[in-house]
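Below, each value reflects all heavy atoms present in this structure, side chains not excepted, and no hydrogens, waters or symmetry copies. Note that this is a predicted model, so its numbers are computed, not measured.
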Amino acid sequence: NKEIDIRNSLKQICKKTWIYLEEHTALESVLFAVDLLESDPLFNAGTGSKLQNDGRIRMSAGLMDGDRQKFSAIVNIQNVEHPIEIASYILNEKHTMIAGDKATEFSRKNGFPQYNPLIEKRWEEFLKKEKGETGTVGAVILDANGKIAAGTSTGGIGGETPGRMSDSATVAGNYANAFAGVSATGIGEEIVNDGVAVKIVTRVTDGLSLKDAVIKTINEAKERKHRYGVICLSNKGEIEVDKTTDSIFYASHDGTSIKTF
Ligand code: GLY
């Protein structure tokens, strides 16, 4: 059953990332976790991404280094294996976001080889005009030095207008600073309209507890009948996950145990 497969994959990735985190920063570990999620065809990111309504896969990813409070993103990139890796490359460049054909061109110029992320199942979904399960991926990590990073990657919602841009490549879908980090997924338009990730992080920065910031934000989403979920972490190691819609799954590791939600 699909839900069990998803939970098992999330648990495994959580476990591997925890081991990796022992020797790496939060930022490096977010990259590690999102790489694994993009490689798993179960999820709608990297390999296994959904198609836009012209039959092309365009992927987006956002990465945020909470320590430097620096964001980077790649928007609607094509034919790369790991969109998050290109976002990571951009993190050290002058510009913050690169989009479309030029993003693909940029990735080639900087040594990222051609890769076809299409899998059979997504092609069949596209032909039948099925939505498939949503499956944007994200990770938020706090390291031993108290630094937070967040990363989010997606193939979009499937069947969308070509060029439609995902929230994952915006600060509404992915944000972190010295106080908290958030990755969101769900209906991208609603996430952007609510400014979700940056709103939760700002609420924590201004003194609200992570729990209260998430409750307040999710209640606002419910009032507006908006459909999304968030994974959130504070610099105190508090973990909060919540959602206003089903079919969003999470796993967390707090040093002692792995939980799935
Ligand atoms: N949250 C993924 C998207 O709407 O593109």
Side-chain angles (χ1 to χ4, degrees), residues 2 6 34-35 37-63 71-90 95-110 112-138 151-174 183-194 196-197 226-229 245 247-249:
K2 183 51 76 53
I6 291 173
V34 177
D35 266 344
L37 291 160
E38 285 178 339
S39 292
D40 189 332
L42 265 180
F43 304 115
N44 170 27
T47 303
S49 284
K50 293 180 185 178
L51 292 78
Q52 297 194 331
N53 79 13
D54 61 351
R56 300 274 163 85
I57 293 176
R58 295 182 185 83
M59 301 167 286
S60 296
L63 183 66
F71 181 83
S72 70
I74 202 79
V75 181
N76 284 328
I77 196 166
Q78 290 182 278
N79 297 308
V80 294
E81 187 169 7
H82 289 294
I84 198 73
E85 291 283 346
I86 298 137
S88 164
Y89 189 93
I90 294 172
H95 301 305
T96 301
M97 297 179 257
I98 303 185
D101 292 346
K102 292 294 172 192
T104 311
E105 223 173 83
F106 174 88
S107 69
R108 294 288 173 271
K109 252 187 231 158
N110 290 293
F112 296 91
Q114 165 99 13
Y115 175 84
N116 182 0
L118 180 66
I119 59 164
E120 189 66 32
K121 181 177 160 285
R122 293 293 186 206
W123 180 243
E124 282 160 16
E125 282 172 6
F126 172 73
L127 292 179
K128 291 186 205 145
K129 292 194 172 9
E130 283 173 6
K131 280 273 175 233
E133 292 90 8
T134 56
T136 295
V137 301
T152 309
S153 180
T154 189
I157 49 173
E160 64 268 70
T161 300
R164 178 261 186 193
M165 181 178 157
S166 167
D167 63 290
S168 307
T170 75
V171 295
N174 190 80
S183 169
T185 188
I187 307 300
E189 285 71 9
E190 297 173 356
I191 293 169
V192 170
N193 288 343
D194 289 356
V196 177
H226 282 178
R227 296 147 294 173
Y228 51 76
T245 176
S247 75
I248 298 181
F249 301 96

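Under the rule for a side chain to side chain contact (heavy atoms under 4.5 Å, CB included), the partners of Thr245 that lie at least two apart in sequence or sit in another chain are Arg227, Ile248. Take Pro41 and apply the side chain to side chain contact (heavy atoms under 4.5 Å, CB included) test, not counting sequence neighbours, and it matches Thr47, Ile119. With sequence neighbours left out, the side chain to side chain donor-acceptor pair (under 3.5 Å) criterion links Asn193 to no other residue. Applying the salt bridge (Lys or Arg N to Asp or Glu O under 4.0 Å) rule to Asp101 yields no partners; only residues at least two apart in sequence or on another chain are considered. Applying the side chain to side chain contact (heavy atoms under 4.5 Å, CB included) rule to Glu81 yields the partners Tyr115; only residues at least two apart in sequence or on another chain are considered. Contacts of Gln78 classified as side chain to side chain donor-acceptor pair (under 3.5 Å), with partners at least two apart in sequence or in another chain: none. Glu124 pairs by the salt bridge (Lys or Arg N to Asp or Glu O under 4.0 Å) definition with nothing, not counting sequence neighbours. Asp194 pairs by the salt bridge (Lys or Arg N to Asp or Glu O under 4.0 Å) definition with Arg224, not counting sequence neighbours. Take Ser88 and apply the side chain to side chain donor-acceptor pair (under 3.5 Å) test, not counting sequence neighbours, and it matches no residue. Residues forming a salt bridge (Lys or Arg N to Asp or Glu O under 4.0 Å) with Glu85 (at least two apart in sequence, or on another chain): none. Under the ring-ring contact (aromatic ring centres under 6.0 Å, His included) criterion, Phe126 pairs with Trp123, sequence neighbours left out. Partners of Arg56 under the side chain to side chain donor-acceptor pair (under 3.5 Å) rule, at least two apart in sequence or in another chain, do not exist in this structure.
Rounding to the nearest 0.5 Å places CD1 of Ile86 at 11.0 Å from OG of Ser72. Atoms CD1 and CD, on Ile98 and Glu105 in that order, are 10.5 Å from each other to the nearest 0.5 Å. Between the NZ atom in Lys102 and the CG atom in Asn76 there is a gap of 15.5 Å [rounded to 0.5 Å].
Among Lys128, Arg122, Lys129, the single residue meeting the salt bridge (Lys or Arg N to Asp or Glu O under 4.0 Å) criterion with Glu125 is Arg122.
Contact check for Thr136 versus Thr152: side-chain heavy atoms found under the 4.5 Å cut-off. In this structure, Pro117 and Asn79 have side chains that are in contact, with non-hydrogen atoms separated by less than 4.5 Å. At a threshold of 4.5 Å between non-hydrogen side-chain atoms, the residues Met165 and Val192 do not count as touching.
The pair Arg164-Glu189 meets the salt-bridge criterion, since a charged nitrogen lies less than 4.0 angstrom from a carboxylate oxygen.
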